[in-house]
Asks: 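Below you'll find the structure I mean.
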Amino acid sequence: MGKPKVAFYWCASCGGCEEAVVDLAEDILKVVEAVEFVFWPVAMDFKVKDVESLGDGEIAVSFINGAIRTGEQEHMAKLLRKKSGLVVAFGACAHIGGTPGLANFVNRKKIFDWVYFNAPSNDNPGKIIPQEKTKVEVGELTLPEFYDTVYTLDQVIDVDYYLPGCAPPPDLIMKAVEAILSGNLPEKGSVLAPDKALCDTCKRKTTKPERASIKEIRRVHEVMLDPERCFLDQGIICLGPATRDGCGERCINANMPCRGCFGSTSRIEDQGAKFLSALASIIDMNEEEEIKRIIDSIVDPAGIFYFYSLPASMLRRRLDI
Amino acid sequence: MCTGRIDPQFVLKAFQSGADGVLILGCHPGDCHYKEGNYKALRRFHLLKRMLKQFGVDEGRFRLDWVSASEGEKFVEVIRDMVATVKKLGPLMTDKEKLRVG
Ligand code: SF4
Ligand code: SF4
Ligand code: SF4
Ligand code: FES
């Protein structure tokens, strides 16, 4: 029997998830040994027609990173879905939308206006913007449709498993690959990481506020950060209470608060709302005007509570545009 | 249900399910059966209202007020006022197709 065929593809992605595979270091050799790559545009020279020529379900597993922002990405996701036995959403962007998903606070028009006309570095007197179809001498050139809304992978195709994180850490990637190769897989739809909150394993949890105790909310550059004390106790927003464990507290160990890249545990439907609730509970103030003042000091609540998860949230995007 | 039990996810769920407005009514400050529930609700409310604005949900669509069991008249007044505000604002746009929800 031949080696299992594997595809690795990127959609609206920064490339960091591709880098994460390289970060497997010598473990990558084990993977290369065990599988046959049939598609991996960032690393090897395959064409779309190579995928098209495969039979349905012939690819054992496709790892897809990045969110869905264009028609081409959706098309490729659908093609890989058809050709694959398993599809794994690889990384925060595919899993919950990731930082590209923050664009759901605006729309295509606002993005184009900024990028092609209003950004200070622009010089576009002809007011040229990309067109889906452009006639040129030799024929018609096409570009994929740029959507108004950024989607998670599972909003456009059926997804079997999720590898969380921006980017997923090497130990979880290797565990997932081993599980797939051995066929020892959890229930379909599982996130391949522990189902508990980051705070549960955080070294700082002994100082995590249990009741209303903070009177100010601060930003990381405004204070000298205590390297031992829970960020929330220092008045710093840390998404740990609403975020899934499994990253090894990468940010916390670098003395930075969590921004939620692992998404939430299975019991939480909306990561941002869950965090909002936790934060409001620990603000030590009952006087309405003071409450408003403290809350107004948070510069961009939605942007921070949904730093990675806006497309996967209940409302998914800004509704009035 | 005590207002302190109202998870912000309930409010989002209501908007997601097509509600054009959400009204939370609780016991007056100092009167909460669980002592602090309504203060917690007040903090969540202000934070959620601010966040909903960023989602393009007009302030008028989300309201918290205190009405005790004996204040029938106030209850009617608050409801009337809320209904009038939401009617004026019209339906909240939740473009199911654009959002790709069922
Ligand atoms: S999850 Fe992070 S590393 Fe991966 S593509 Fe998205 S932004 Fe890049
Ligand atoms: S809130 Fe952040 S710093 Fe505090 S215990 Fe949780 S993860 Fe650790
Ligand atoms: S601490 Fe939070 S943001 Fe940082 S890697 Fe872990 S889950 Fe992601
Ligand atoms: S019992 Fe808490 S608000 Fe009424």
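This structure is a prediction, so every number in the text was calculated from the model and none was measured. Chain letters run A, B, ... following the sequence lines, proteins first, then strands; residues in each count from 1.
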Asks: Shorter than 4.5 Å, heavy atoms on both sides: which option in A/Asp296, A/Val156, A/Asn286, A/Asp270 has the most such pairs with chain B?
Replies: A/Asn286
Asks: Determine the sole option in B/Leu92, B/Leu52, B/Asp58 for which the side chain to side chain contact (heavy atoms under 4.5 Å, CB included) test with A/Leu319 is passed.
Replies: B/Leu92
Asks: Heavy-atom cut-off 4.5 Å, strictly under: side chain, backbone, both or neither for B/Lys49 against chain A?
Replies: neither
Asks: For A/Ile294, is it the side chain, the backbone, both or neither that has a heavy atom under 4.5 Å from a heavy atom of chain B?
Replies: neither
Asks: Using a cut-off of under 4.5 Å for heavy-atom pairs, which of B/Lys53, B/Lys40, B/Gln9 has the most such pairs with chain A?
Replies: B/Gln9
Asks: Whether the A/Glu74 and A/Tyr151 side chains hold a donor-acceptor pair (N or O, under 3.5 Å, no angle test) is what I'd like checked.
Replies: no
Asks: Is chain B contacted by the side chain of A/Gln155, its backbone, both, or neither, given a heavy-atom distance below 4.5 Å?
Replies: backbone
Asks: Do side-chain atoms of A/Asn107 reach the backbone of A/Lys110 as a donor and acceptor pair under 3.5 angstrom?
Replies: yes
Asks: With distance as the sole criterion, is a donor-acceptor pair present between the side chains of A/Asn104 and A/Tyr306 under 3.5 Å?
Replies: no
Asks: Side chain to side chain donor-acceptor pair (under 3.5 Å), that's the test. Do A/Asp195 and A/Ser266 meet it? Break it down for me.
Replies: CA-CA 7 Å; A/Asp195 198 8; A/Ser266 62; 2.5 Å; yes
Asks: Please classify the contact between A/Ile283 and chain B as side chain, backbone, both or neither, with a heavy-atom cut-off of under 4.5 Å.
Replies: both
Asks: Among A/Leu276, A/Ile291, A/Asp320, who wins on heavy-atom pairs under 4.5 Å with chain B?
Replies: A/Leu276
Asks: Against chain B, work out which of A/Pro311, A/Ala273, A/Gly303 has the most heavy-atom pairs shorter than 4.5 Å and name it.
Replies: A/Ala273
Asks: Is there a side-chain contact between A/His75 and A/Glu145 (heavy atoms, below 4.5 Å)?
Replies: no
Asks: Quick one: are A/Phe275 and A/Ile304 in side-chain contact, heavy atoms under 4.5 Å?
Replies: no
Asks: With a 4.5 angstrom heavy-atom cut-off, which part of A/Ile268 approaches chain B: side chain, backbone, both or neither?
Replies: both
Asks: For chain B, which of A/Ala212, A/Ser313, A/Ser277 has the most heavy-atom pairs under 4.5 Å?
Replies: A/Ser277
Asks: Quick one: do the A/Thr207 and A/Asp233 side chains pair a donor with an acceptor below 3.5 Å?
Replies: no
Asks: With respect to chain A, which residue among B/Lys13, B/Met51, B/Gln54 yields the maximal number of heavy-atom pairs within a distance under 4.5 Å?
Replies: B/Gln54
Asks: Where on A/Glu287 is there a heavy atom nearer than 4.5 Å to chain B: the side chain, the backbone, both, or neither?
Replies: neither
